[in-house]
Amino acid sequence: MTPSSKEDFKFSVGPWNLHPGADPFGPPVRPEREFADKLKVFKDLGFGYVQFHDDDAVPDDASSSERERIAGEVRKMLDDNGLQAEFVAPRLWEDARGIDGPVTSNNAADRKWALERGKRAVDVAQLLGTDKMVWWPAREGTYTRESKDAVAAIGRMLEWCNALLDYDKNLKILGEMKPNEPMDLMYLPTTGHWLALAYKTVDPSRVGTLIESAHCILLGLDPSDEFANALAHDKLWGVHLNDQNGLKFDQDKAFGSVDLRRAFNQVDVLVRNGFGQNGEVVGLDVKAMRTQPAEKSHLHLKTSKETFLDLVDLCHAINRDEWQGYITARDYESLERFIVKNLMGK
Ligand code: XUL
Ligand code: MN
């Protein structure tokens, strides 16, 4: 395996990562940017790919001919900025029909809508020129554990995936798992749960994962080990890098801003396993702090990318012989000091 070089890494971000700063306790504090302005920011910051929710590209109520026209316009804007679509994710969690699922909803009409919306997202992905759909099963869980049949729910999640794999024979589904928020308890809370489902689908070769750092931390798991598990199955097809200060709401902090060692280990596992050499993209899912003024509300994207690339440099510069020497001698105390010194630039 040839380790990834800096040039192997292409970066992506979503339009929602440039946002006006509203949170559950307060209104927006900055003006919303036009989509075209966001693309310009992405281009200027050196991003090559854009992540989309279906309705970031095409309004949900567009007819199929409108969908083609609007997606064509979005694709042209991407082209004009030297950008490509990385994936499309169906936004199943905002519509009233998604209030209790919708894939695992107890209501058959909601489940039918979930499939229609999934198919529409696949159509939008095709029109934007990507074969990847990310599924974050936001409300596929419960607020009250006794409210759903958990075994039936997993079966419904499997059926939904199978129907979409059947709908588009080139589609790849990347599950992005998270243990909670907005639900109290999620079905398939970890990547491991998801991969078990992936192997039960009609075409496991087209089902992989996108792993978000913060989601792992919310589980009390180490993101680099989660990446490693998916890499061992050849199923790490995307990442959402960010950081997270302990077990609380999903913070989407700038990559490496909380725990630099944890960030280093994520970059190191990607570098050592040739991530990016088969078209995988380094995605960010980061939020600007609400305190940032409008003209500085893109810096979280810049700093996350810079931290990632600085850590790639460190992965290439670090003395691997010395590292291996501590492993061979089983002197893990000295190995800890070695890693910490490297992170301090000593
Ligand atoms: C939710 C999350 C989503 C997905 C895309 O926590 O990370 O933004 O990344 O639907
Ligand atoms: Mn994410």
Side-chain angles (χ1 to χ4, degrees), residues 11-19 22-24 38 42 47 49-58 60 85-95 98 101-103 114 117-118 120-122 124-125 128 130 132-141 157 160-161 164 172-191 194 208-219 221 223 226-227 230 236-255 257 263 266 280-288 300-301 304-305 308:
F11 294 88
S12 74
V13 69
W16 64 91
N17 295 125
L18 285 175
H19 55 95
D23 72 12
K38 293 186 179 186
F42 298 161
F47 287 85
Y49 289 79
V50 180
Q51 313 160 15
F52 286 92
H53 294 118
D54 48 2
D55 57 6
D56 290 326
V58 180
D60 177 38
E86 184 196 4
F87 64 72
V88 173
R91 200 192 299 272
L92 292 163
W93 56 91
E94 278 186 12
D95 190 282
V103 174
R117 180 88 188 222
R120 276 210 299 281
V122 173
V124 173
L128 295 184
T130 175
K132 289 183 184 158
M133 187 187 93
V134 165
W135 186 27
W136 168 49
R139 296 193 192 274
E140 308 308 342
M157 293 175 86
W160 188 82
C161 291
L164 294 179
K172 297 194 180 85
I173 302 179
L174 287 65
E176 179 186 352
M177 301 351 253
K178 181 177 171 185
N180 61 282
E181 197 202 32
M183 304 307 280
D184 178 11
L185 291 160
M186 296 290 299
Y187 295 130
L188 310 183
T190 71
T191 301
W194 166 254
T209 186
L210 176 149
I211 300 183
E212 174 164 325
S213 323
H215 298 178
C216 305
I217 299 162
L218 285 170
L219 280 155
L221 297 173
E226 289 296 282
F227 293 177
L236 189 66
W237 300 347
V239 290
H240 264 177
L241 299 183
N242 56 21
D243 215 343
Q244 169 76 25
N245 203 0
L247 301 179
K248 50 185 84 168
F249 63 95
D250 185 4
Q251 295 181 302
D252 295 338
K253 288 173 76 71
F255 182 58
S257 62
Q266 290 171 72
E280 308 91 348
V281 175
V282 177
L284 303 179
D285 196 358
V286 287
K287 271 200 198 87
H300 59 306
L301 307 181
S304 294
K305 191 166 163 271
F308 182 91

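Atoms considered below: every heavy atom in the structure, side chains included; atoms not considered: hydrogens, waters and symmetry mates. Numbering of ligands and ligand atoms starts at 1, following listing order.
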(Q) In terms of relative ring orientation, are F11 and F308 parallel, tilted or perpendicular, with 30° and 60° separating the classes? (A) perpendicular
Q) So what's near the Mn ion (ligand 2), protein N, O or S atoms under 2.8 Å? A) E176 OE2, E212 OE1, H240 ND1, D285 OD2
Q. Which of parallel (below 30°), tilted (30 to 60°) and perpendicular (above 60°) describes H240 and F87?
A. tilted
Q: Would you mind telling me which of L174, T191, L221 makes a side chain to side chain contact (heavy atoms under 4.5 Å, CB included) with I211?
A: T191
Q) Can you list the residues that meet the ring-ring contact (aromatic ring centres under 6.0 Å, His included) rule with Y187, with sequence neighbours excluded? A) none
Contacts table for ligand 1: protein N or O within a distance under 3.5 Å of ligand N or O, distances only.
| from | atom 1 | to | atom 2 | distance (Å) |
| --- | --- | --- | --- | --- |
| ligand 1 | 6 (O) | K178 | NZ | 3.0 |
| ligand 1 | 6 (O) | H215 | NE2 | 3.1 |
| ligand 1 | 6 (O) | D250 | OD2 | 3.0 |
| ligand 1 | 7 (O) | E176 | OE2 | 3.0 |
| ligand 1 | 7 (O) | E212 | OE1 | 2.8 |
| ligand 1 | 7 (O) | H215 | NE2 | 3.4 |
| ligand 1 | 7 (O) | D285 | OD2 | 2.9 |
| ligand 1 | 8 (O) | D285 | OD2 | 3.3 |
| ligand 1 | 9 (O) | E176 | OE1 | 2.7 |
| ligand 1 | 9 (O) | E176 | OE2 | 3.0 |
| ligand 1 | 9 (O) | H240 | ND1 | 3.1 |
| ligand 1 | 9 (O) | D285 | OD2 | 3.2 |
| ligand 1 | 10 (O) | H53 | NE2 | 2.9 |

Q: For residues M177 and P137, determine if any side-chain heavy atom of one lies less than 4.5 Å from a side-chain heavy atom of the other.
A: yes
Q | Any side-chain donor near an acceptor of the partner, H215 and E226, under 3.5 Å | A | no
Q) Considering only heavy atoms from C-beta outward, does the side chain of L210 approach that of W136 to under 4.5 Å? A) no
Q: Kindly write out the residues that satisfy ring-ring contact (aromatic ring centres under 6.0 Å, His included) with H19, not counting sequence neighbours, or none if the list is empty.
A: none
**Q.** salt bridge (Lys or Arg N to Asp or Glu O under 4.0 Å) assessment of R117 paired with D55
**A.** CA-CA 10 Å; R117 180 88 188 222; D55 57 6; 3.4 Å; yes
